[in-house]
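Letters A, B, ... mirror the listed sequences (proteins, then strands); counts begin at 1. Computed from a prediction, not measured in an experiment: that's the story for all the values here.
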Protein chains: 2
Amino acid sequence: MARRPPITNRVRELREANGQLSQAALGEAVGVTRQTIIAIEQGRYSPSLETSFRIARRFGVGVEDVFGWEDE
Amino acid sequence: MARRPPITNRVRELREANGQLSQAALGEAVGVTRQTIIAIEQGRYSPSLETSFRIARRFGVGVEDVFGWEDE
DNA sequence: AAGCGGTGTCAAAAATTCTTGACATCAGGG
DNA sequence: CCCTGATGTCAAGAATTTTTGACACCGCTT
């Protein structure tokens, strides 16, 4: 699990759709730092399921509406 | 994130429903160890999203069919 | 020109997830 | 009985995620 994980995400998309929510604001809303949001948006690593749930719920959607699985 | 996370899981349930798949066999199927499966079943920590996806897909279901969010 | 919010990067450290190996228990079969 | 498979525990370490703090760049406004 050191590679870029086979996971896609639409965080940026959702963030922009949601009233220009900044990375910092989203981070604060879900309890992680700005840098964590950046890393997730860039797909640098696979977040914890907990962080994933918090982000999804912040946008009022399901986990798989935010993160996708690239079948490998 | 050191506490028991607000996440429920039905891994054991799915495992038993699926032809008596052992913890070891599930671990091998998704690329983690037996101890990791045990810890996840017991809710000791929040798995990575990647591991969550692999487990869900092994059972042919979505992430939220395996893991649930306890609204806090 | 100076200030501001937003995004990005980097590096080191803290925290968490996952592995390895060992040992224990229990149920079932031979 | 003894063996085996399945589950569980523990502890130490490896690997990964997340934090902290710093600095840079851009576009915008004043």
> B:Glu41 CD to D:dT9 C1': how many Å, rounded?
Replying inline: 15 Å

> CD1 of B:Ile40 versus C1' of C:dT17: gap in Å, rounded?
Replying inline: 9 Å

> For the side chain of B:Thr33, counting heavy atoms from C-beta on, which of D:dT18, C:dG8, C:dT20 is nearest?
Replying inline: C:dT20

>> Between C1' on D:dG8 and CG on B:Leu26, what's the gap in Å once rounded to a whole number?
In response: 16 Å

> Taking protein heavy atoms under 4.0 Å as touching, what does nucleotides 22-30 of chain C look like 5' to 3' if B marks base contact, S marks sugar-phosphate-only contact and - marks none?
Replying inline: B--------

> Rounded to the nearest Å, what distance is computed from the CD atom of residue B:Glu28 to the P atom of nucleotide D:dT7?
Replying inline: 14 Å

> Which listed nucleotide (C:dG8, D:dT18, D:dT9) is nearest to the side chain of A:Thr51?
Replying inline: D:dT18

> Nearest-Å distance, CD1 (B:Ile7) to P (C:dT16)?
Replying inline: 14 Å

> Mapping B:Gln20 and B:Gln42 onto DNA chain D by nearest heavy atom, which one lands closer to the 5' end?
Replying inline: B:Gln20

>> Without decimals, in angstroms, what is the distance between B:Ile38 CD1 and C:dG21 P?
In response: 16 Å

>> The side chain of B:Tyr45 is closest to which nucleotide in this list: C:dG8, C:dT17, C:dT19?
In response: C:dT17

>> Once you apply a heavy-atom cut-off of 4.0 Å, does B:Thr36 come out as touching a base, just sugar-phosphate, or nothing?
In response: base

Using distance only, find each side-chain donor-acceptor pair of residues 28-40 of chain B under 3.5 Å and give its atom names and separation, not counting sequence neighbours.
| residue | atom | partner | partner atom | Å |
| --- | --- | --- | --- | --- |
| B:Thr33 | OG1 | B:Thr36 | N | 3.4 |
| B:Thr33 | OG1 | B:Thr36 | OG1 | 3.2 |

> A:Glu50 CD to C:dA15 C1': how many Å, rounded?
Replying inline: 13 Å

> Is it true that a side-chain atom of B:Arg10 and a backbone atom of B:Gly68 form a donor plus acceptor pair closer than 3.5 Å?
Replying inline: no

> Out of C:dT9, C:dC18, D:dT18, which nucleotide sits closest to the side chain of A:Arg44?
Replying inline: C:dT9

> Heavy atom of residues 9-16 of chain B under 4.0 Å from DNA chain C: which residues?
Replying inline: none

> How close do A:Ser46 and B:Ser48 get, heavy atom to heavy atom, and via which atoms?
Replying inline: OG-CB, 3.8 Å

> What's the CZ-P distance between B:Arg4 and C:dT17, to the nearest Å?
Replying inline: 12 Å

